[in-house]
Asker: 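First the structure, which I've put down as structure tokens, then a few questions once you've had a look.
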Amino acid sequence: MKNFITKLNIFLLIFTFNALINITSAQDRIVIAGGSLTEIVFALGEGDKVVGVDKTSTYPQSVTTLPQIGYWKLLNIEGILSLNPTLFITLSDAEPDNIISQVIQAKVDVLSLKRVPGTLELLYENIEKIANKLQKPDQGQQLINHIKDNLSQIQQKIDMQPNKAKVLFLMSMGGTNSVAGKNTTADALITIAGGENLAKHNSYKSYTAESIIAMNPDVIVLNSHSIQQLGGAYKIDTIPGITETAAFKNHRIITIDDGYLFGIGPRVDEVAKILYDGFYLQ
């Protein structure tokens, strides 16, 4: 009888402990500023704990129904705290400058992660840190291995190309053509996919029609928002100078979703394949 009571007490203790874990897990409320960070959390299977995101968080589709805390460069402390978060995952250069310290002062756990440089190494580091924070280290390593395996297959194909595709990433907004240079996600993606970004300047810079013609890229990449601004893909020829490029003449214009451009995220292998195919298989 005594042995039975002892076993019963142990069973009840374990049951109570597991129940407390489940209750704690159910109460986790994650708010995220940074589209790539949101994608990592969902890729780790923890999306059901996310209760708010910033405007750059557009994937997966379900996040578009979540409450928004504004743009990551213009966050509001009241908007964040109104969601009663237990964890705030954010880019370290989120603004205003004091937003992270304000959230910490409100007794909310904060995980601050680097946005730049936009490298695969930083992506893997951020996946690992988020996975550890969410107590999902094994899932984090599995995700990293999955991305590495897919990119390795693409790299093998890149190594077989005799010449690199000459590429420009063009963002057309309100009649102004901006080209992505160094230290941009677009530049990093072009490199990962095996292309050469012809733009050597830093960040984004406005280009005239004459500049685009002089560059004469083999391939031009546009974001989906630019296509919308133009009024549709059939209006690409209205971009000044583009019809004089080899890219236009040879029908080598690629459009990628804006969601890929909010930092190097866990779908990097997906967009790298899209770009590689556009660089070399068209």
Asker: Could I get the full list of side-chain contact (heavy atoms from CB on, under 4.5 Å) partners for Asp159, not counting sequence neighbours?
Answerer: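 Gln155.
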
Asker: With distance as the sole test, does Ser36 use its side chain to make a donor-acceptor pair with the main-chain N or O of Gly263 at under 3.5 Å?
Answerer: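 Answer holds: no.
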
Asker: For Ala272 and Leu151, work out which heavy atoms get closest and say how close.
Answerer: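 Of all heavy-atom pairs spanning Ala272 and Leu151, the closest is CB-CD2, 3.9 Å.
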
Asker: Does Gln139 have any side-chain contact (heavy atoms from CB on, under 4.5 Å) partners at least two apart in sequence or in another chain, and if so, which?
Answerer: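 For Gln139 the side-chain contact (heavy atoms from CB on, under 4.5 Å) partners, ignoring immediate neighbours, are Leu44, Lys136.
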
Asker: Report yes or no: do Leu91 and Val50 belong to one cluster of Ile/Leu/Val/Met/Phe/Trp/Tyr joined by side chain heavy-atom distances under 4.5 Å?
Answerer: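 Same cluster: Leu91 reaches Val50 through Ile, Leu, Val, Met, Phe, Trp or Tyr contacts under 4.5 Å.
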
Asker: Between Asn76 (side chain) and Gly79 (backbone), is there a donor-acceptor pair under 3.5 Å?
Answerer: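 Yes, because the side chain of Asn76 sits within donor-acceptor range (under 3.5 Å) of the backbone of Gly79.
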
Asker: Of all residues at least two apart in sequence or in a different chain, which pass the side-chain contact (heavy atoms from CB on, under 4.5 Å) check with Thr64?
Answerer: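 For Thr64 the side-chain contact (heavy atoms from CB on, under 4.5 Å) partners, ignoring immediate neighbours, are Gln61.
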
Asker: Would you call Leu198 and Asn216 a side-chain contact if the rule is heavy atoms closer than 4.5 Å?
Answerer: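 Answer no - side chains too far apart.
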
Asker: Quick one: does any side-chain atom of Asp54 pair with a main-chain N or O of Ala33 as donor and acceptor, under 3.5 Å?
Answerer: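 Flag not set: sc Asp54 to bb Ala33 has no pair under 3.5 Å.
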
Asker: What residues join Ile77 in its hydrophobic cluster, counting side-chain heavy atom gaps under 4.5 Å, either direct or through other members?
Answerer: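 Ile77 shares its hydrophobic cluster with Val31, Val51, Ile69, Leu75, Ile80, Leu81, Leu83, Phe88, Ile99, Ile100, Val103, Ile104, Val108, Val110.
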
Asker: Does anything in residues 182-204 form a ring pair (Phe, Tyr, Trp, His ring centres under 6.0 Å)? List the pairs, not counting sequence neighbours.
Answerer: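 For residues 182-204, and leaving out neighbouring residues, the ring pair (Phe, Tyr, Trp, His ring centres under 6.0 Å) pairs sorted by first residue read His201-Tyr207.
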
Asker: Could you check whether any side-chain N or O of Asn197 sits under 3.5 Å from a backbone N or O of Ala180, counting only pairs where one atom can act as donor and the other as acceptor?
Answerer: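 Side chain of Asn197 to backbone of Ala180, a donor-acceptor pair under 3.5 Å: yes, one is there.
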
Asker: Listed by chain and number, what are the side-chain contact (heavy atoms from CB on, under 4.5 Å) partners of Pro60, not counting sequence neighbours?
Answerer: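 Per chain and number, Pro60 pairs via side-chain contact (heavy atoms from CB on, under 4.5 Å) with Phe42, Ser62, Val63.
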
Asker: Table please: side-chain donor-acceptor pairs of residues 114-122 below 3.5 Å, with sequence neighbours left out.
Answerer:
{"residue": "Arg115", "atom": "NE", "partner": "Asp93", "partner atom": "OD2", "Å": "2.8"}
{"residue": "Arg115", "atom": "NH2", "partner": "Asp93", "partner atom": "OD2", "Å": "2.9"}
{"residue": "Thr119", "atom": "OG1", "partner": "Leu122", "partner atom": "N", "Å": "3.1"}

Asker: Sequence neighbours excluded and cut-off under 3.5 Å, please list the side-chain donor-acceptor pairs for residues 228-244, or say none.
Answerer:
{"residue": "Gln229", "atom": "NE2", "partner": "His225", "partner atom": "NE2", "Å": "3.4"}
{"residue": "Thr238", "atom": "OG1", "partner": "Lys235", "partner atom": "O", "Å": "2.5"}

Asker: Can you name the closest pair of heavy atoms from Gly45 and Asp48 and give their distance?
Answerer: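 That closest heavy-atom pairing would be O-OD1, 4.0 Å.
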
Asker: May I ask you to check whether over 12 heavy atoms, not counting those of Lys205, lie within 6.0 Å of atom NZ?
Answerer: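 Result for NZ/Lys205: open.
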
Asker: At their closest point, which heavy atom of Ala131 faces which heavy atom of Gly140, and how far apart are they?
Answerer: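 Heavy atoms of Ala131 and Gly140 come nearest at CB-CA, 3.7 Å.
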
Asker: Do Val179 and Met215 pass the side chain to side chain contact (heavy atoms under 4.5 Å, CB included) test, and can you show the C-alpha distance, the side-chain angles, and the key distance before you say yes or no?
Answerer: CA-CA 11 Å; Val179 173; Met215 285 285 196; over 6 Å; no

Asker: Closest approach of Asn183 and Asp187, non-hydrogen atoms and distance?
Answerer: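 The pair with the smallest heavy-atom distance is N-OD2, 4.3 Å.
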
Asker: Between CD1 of Ile253 and CD1 of Ile220, what distance do you get to the nearest 0.5 Å?
Answerer: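 Taking CD1 in Ile253 and CD1 in Ile220, the distance rounds to 4.5 Å.
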
Asker: Can you give the donor-acceptor pairs under 3.5 Å from side chains of residues 273-280 to other protein atoms, not counting sequence neighbours?
Answerer:
{"residue": "Lys273", "atom": "NZ", "partner": "Asp277", "partner atom": "OD2", "Å": "2.9"}
{"residue": "Tyr276", "atom": "OH", "partner": "Gln161", "partner atom": "NE2", "Å": "2.9"}
{"residue": "Tyr280", "atom": "OH", "partner": "Ala165", "partner atom": "N", "Å": "3.1"}
{"residue": "Tyr280", "atom": "OH", "partner": "Gly194", "partner atom": "O", "Å": "2.4"}

Asker: Give me each pair satisfying salt bridge (charged side-chain N to carboxylate O under 4.0 Å, His left out) with a member in residues 258-267, each pair once, sequence neighbours excluded.
Answerer: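 Passing the test, one end in residues 258-267: Glu39-Arg267, Arg267-Glu270.
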
Asker: To the nearest 0.5 Å, what is the distance between CD1 on Ile154 and CG on Asp149?
Answerer: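 Spacing of CD1 (Ile154) from CG (Asp149) equals 11.5 Å.
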
Asker: If a pair satisfies salt bridge (charged side-chain N to carboxylate O under 4.0 Å, His left out) and one of its residues is in residues 96-109, list it, with sequence neighbours excluded.
Answerer: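 Every pair satisfying salt bridge (charged side-chain N to carboxylate O under 4.0 Å, His left out) with a residue in residues 96-109: Asp109-Lys133.
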
Asker: For Glu125, give me all partners under salt bridge (Lys or Arg N to Asp or Glu O under 4.0 Å), at least two apart in sequence or on another chain.
Answerer: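 Salt bridge (Lys or Arg N to Asp or Glu O under 4.0 Å) list for Glu125, sorted by chain: Lys129.
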
